[in-house]
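Taking it in order: structure first as structure tokens, then the write-up.
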Protein chains: 2
Amino acid sequence: MTITYPRLNRDGAEPLWMQLMRALRAEIDSGELGPDQPLPSEAELSDMFSVSRTVVREALRELVQQRLIYKIKGRGAFVSPRKTELRFVGTTSGSADDLRESGRRVTTQTIHQSLGQADEREAALLRIPRGEEVVRLRRLRCVDGQPWLLVDTALPARLVPGLERAVLENQSLYDVLRRRYGIEPAAADRWIEAVFPDSEDAALLEVSTSTPLLGIESVAWLDDNTRFEAYYALHRSDQTRFYVGIR
Amino acid sequence: MTITYPRLNRDGAEPLWMQLMRALRAEIDSGELGPDQPLPSEAELSDMFSVSRTVVREALRELVQQRLIYKIKGRGAFVSPRKTELRFVGTTSGSADDLRESGRRVTTQTIHQSLGQADEREAALLRIPRGEEVVRLRRLRCVDGQPWLLVDTALPARLVPGLERAVLENQSLYDVLRRRYGIEPAAADRWIEAVFPDSEDAALLEVSTSTPLLGIESVAWLDDNTRFEAYYALHRSDQTRFYVGIR
DNA sequence: CCCGGCAGCCTGTCGTGACAGGTTGTCGAA
DNA sequence: TTCGACAACCTGTCACGACAGGCTGCCGGG
């Protein structure tokens, strides 16, 4: 391997293992390291970057977790043959945090934010009368600049007064709900299907209308069974796979 | 905390961190440690079990991964509240039962059944050496005569001797595993993506190759972390939507 | 040419020590 | 009683060292 690696920044601003992880991931993402190609051994990486093996192992562990590489018992680490994938736990609260923790830059822009009256579908999902006021949000979430998730959310206005004017840019909606309205999600139902986007959604997600996407419908409720949120999300599964853990 | 912990076995048969992880998990499972209760600090655990902090951190890391505990920045580890557990009604045994209960006729035919050697992907998923023997199954599940799910499963032959000759027609694989091999699934990871089928799969599912399908990759394991099953399923989401309940 | 043994490489595991920075609880001053 | 400062605690991060056991590749013998 004759790749010139970036020098690591030692000012303590960012852990060494994360910088190393990012450097290796960049090689993989860019295709410098192809599927099933071996990575240097831990000792070699340790030398190349002048860090301890602790740091190297930390970085490799993270990459394995992200399924970008796999390890063979006693033999070394290899680039995963599968396409690049992000890890995605649940869908809402946790997922963006997890991505951030794994060293990705997650941004969220609000495309639309308004007060309206619940249509049939929203009313049924939220278990409120049709016509009751709802706050509608349309938000686009990007990971490392790549469009990733397009979410249309509806919340009963009664539960979240003023949300239609709140600044949600780059904030977790669940954080806002928790801090501002004391809303603690208790449970949720979700349904997943494979669909094509319409032209507007396709444009926002920067895919063609013949790209298969994951469509995720969700309803979340409080301890007392009050439905507080319904959304439909379109998810680029070429970028990320939807992760579900069963325990 | 006045719990008496088991002494760790130092004969090298099992890593110390795994024993420690198991000991802590037993406390949680048994209810000795309730939801949101704090665990002893790393230093305390290190003293209590006479192991280095390396070992303690390894064990805690695994428990976090299993979502049995969560950590608070700079404050310690806590037992996860039960209610955030992910429950999941999806593609395996449970879902077929649900469908049957709702009056549908669920049939399963085995298309392929053989003994082979683990390829790279199977080896990585099942955490076995490449080339180790695996039983491969290809099964098509229909609901009311409509193709619904196409599953390619791989299981380590070591764990399920003779499965390559077993008659699986219209049986739940999990039932067979339980009754015949005493296999009790403890947990699983699943990843979902939207994909197009190849022509062979499309023919079996009776769809065109341009129909978006759900692709579901799954790994399931036992209590002791042994991976016993990996599968990739193709799911017609025009027929049924994939359901995920979060409790 | 084939095969078996052995050296060397590599990971997994474990221990020790160290320091920065954040959090908490306490205690005394106001 | 309230508030602010300080000490104690705790995790995250990093370095270095050590050893067992598995795997590979090479080399020499048959």
Side-chain angles (χ1 to χ4, degrees), chain A residues 1 7-24 36-65 69-79 97-98 100-103, chain B residues 1 7-24 36-65 69-79 117-118 120 123-124 127-132 224-226:
Chain A
M1 172 137 39
R7 197 162 303 151
L8 302 188
N9 182 349
R10 284 177 182 268
D11 62 6
E14 199 185 27
L16 294 177
W17 67 262
M18 192 174 287
Q19 296 179 53
L20 174 53
M21 182 272 286
R22 225 192 287 278
L24 294 175
D36 286 332
Q37 258 185 270
L39 269 64
S41 77
E42 295 180 358
E44 278 171 336
L45 287 171
S46 168
D47 281 349
M48 288 161 68
F49 289 91
S50 304
V51 293
S52 75
R53 204 154 71 99
T54 313
V55 173
V56 173
R57 288 177 63 79
E58 207 79 34
L60 292 181
R61 189 200 314 279
E62 182 61 30
L63 288 171
V64 169
Q65 250 253 297
I69 65 173
Y70 61 93
K71 311 194 84 183
I72 292 181
K73 188 161 164 275
R75 274 292 301 142
F78 296 80
V79 176
D97 288 343
D98 280 0
R100 257 186 284 268
E101 264 168 41
S102 69
Chain B
M1 170 137 38
R7 197 162 304 153
L8 302 187
N9 182 347
R10 283 175 181 271
D11 63 4
E14 199 186 26
L16 293 178
W17 67 262
M18 194 175 286
Q19 295 179 53
L20 175 54
M21 184 269 286
R22 223 193 291 279
L24 294 175
D36 285 330
Q37 253 184 272
L39 268 65
S41 76
E42 296 180 356
E44 279 171 337
L45 288 170
S46 168
D47 280 349
M48 289 161 66
F49 289 90
S50 304
V51 294
S52 76
R53 201 153 72 96
T54 314
V55 172
V56 173
R57 288 176 64 78
E58 207 79 33
L60 292 181
R61 190 198 314 278
E62 182 62 28
L63 288 171
V64 169
Q65 243 247 296
I69 65 173
Y70 61 94
K71 311 195 84 183
I72 290 180
K73 188 166 161 271
R75 272 290 302 142
F78 296 81
V79 177
Q117 298 186 316
E120 206 59 73
R127 300 205 180 160
I128 57 176
R130 180 160 56 156
E132 191 177 309
D224 65 356
N225 275 325
T226 311

Considering all heavy atoms, the nearest [X]-[Y] contact:
X	Y	value
B/V51	B/L16	CG1-CD1, 3.9 Å
A/A77	A/I69	CB-CD1, 4.0 Å
B/S46	B/R53	OG-N, 4.0 Å

Strictly distance-based, threshold 3.5 Å: is any side-chain N or O of A/E62 a donor or acceptor partner for the main-chain N or O of A/M18?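 Checked: no pair found.
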Is a side-chain donor or acceptor of B/E42 paired with a backbone partner of B/V56 at a separation under 3.5 angstrom?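 A pair under 3.5 Å: no.
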Does A/K71 put a side-chain nitrogen or oxygen below 4.0 Å from OP1 or OP2 of C/dG12? yes
Which parts of nucleotides 20-25 of chain C does protein reach within less than 4.0 Å, heavy atoms only, written one letter per nucleotide 5' to 3' as B for base, S for sugar-phosphate only and - for none? --SSS-
Nearest whole Å is fine: how far is [N] [atom2] from [X] [atom1]?
X	N	atom1	atom2	answer
A/R57	C/dC10	CZ	P	14 Å
A/R61	C/dG12	CZ	C1'	11 Å
B/E58	C/dG15	CD	P	11 Å
B/E14	C/dG12	CD	P	17 Å
B/E42	C/dG17	CD	P	17 Å
B/W17	C/dG15	CH2	P	14 Å

If I take atom NZ from residue B/K71 and atom CG from residue B/L63, how far apart are they, to the nearest 0.5 angstrom?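 Atom-to-atom, B/K71:NZ and B/L63:CG are 10.0 Å apart.
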Quick check for you: to the nearest 0.5 Å, what is the distance between B/E58 atom CD and A/R61 atom CZ? 5.0 Å
Which nucleotide in C/dT13, C/dT16, C/dC10 has an atom nearest any side-chain atom of B/S52: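 It is C/dT16.
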Nucleotide of C/dT13, C/dC14, C/dA18 approaching A/R53 most closely (side-chain heavy atoms): C/dT13
Let me spell it out: for each of B/G76 and A/L16, pick the nucleotide of DNA chain D with the closest heavy atom. Which residue's pick is nearer the 5' end?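 That would be B/G76.
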Applying a 4.0 Å non-hydrogen cut-off, can you work out what A/T54 is touching in the nucleic acid: base, sugar-phosphate, or nothing? base
Among residues at least two apart in sequence or on other chains, which ones pass side-chain hydrogen bond (donor to acceptor under 3.5 Å, both in side chains) with B/S52? B/T54
Going 5' to 3' along DNA chain D, which nucleotides are the first and last within contact of chain A (any atom under 4.0 Å from a heavy atom)?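 Contact boundaries, 5' end first: D/dT13 to D/dT24.
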